[in-house]
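Worth saying up front: this structure is predicted, and the values here are computed from it rather than measured.
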Amino acid sequence: MAYQDRETRLVETRKGSSAGWFIAGALVVALIAGAFFYSQGYFQDDDVSIELTLPNLKAE
């Protein structure tokens, strides 16, 4: 309960950071989304192709 007289105001607060709870919630959502995509086979694509082509740098 809060006590208040004319000049002084005391308010009880909880200790903890709301930013910490936000980050924890974001991590939980990311883990759930990752588990869902993994179970659907999104990360298990066997056809991976990386091609690197360099430009011709010869001066003519």
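The CG atom of Leu52 sits 9.5 Å away from atom CD1 of Ile50, with the distance rounded to the nearest 0.5 Å.
Cluster partners of Ile32 are Val28, counting Ile, Leu, Val, Met, Phe, Trp and Tyr whose side-chain heavy atoms approach within less than 4.5 Å, directly or via other members.
Shown here are the ring-ring contact (aromatic ring centres under 6.0 Å, His included) partners of Phe37, two or more places apart in sequence or in another chain: Tyr42.
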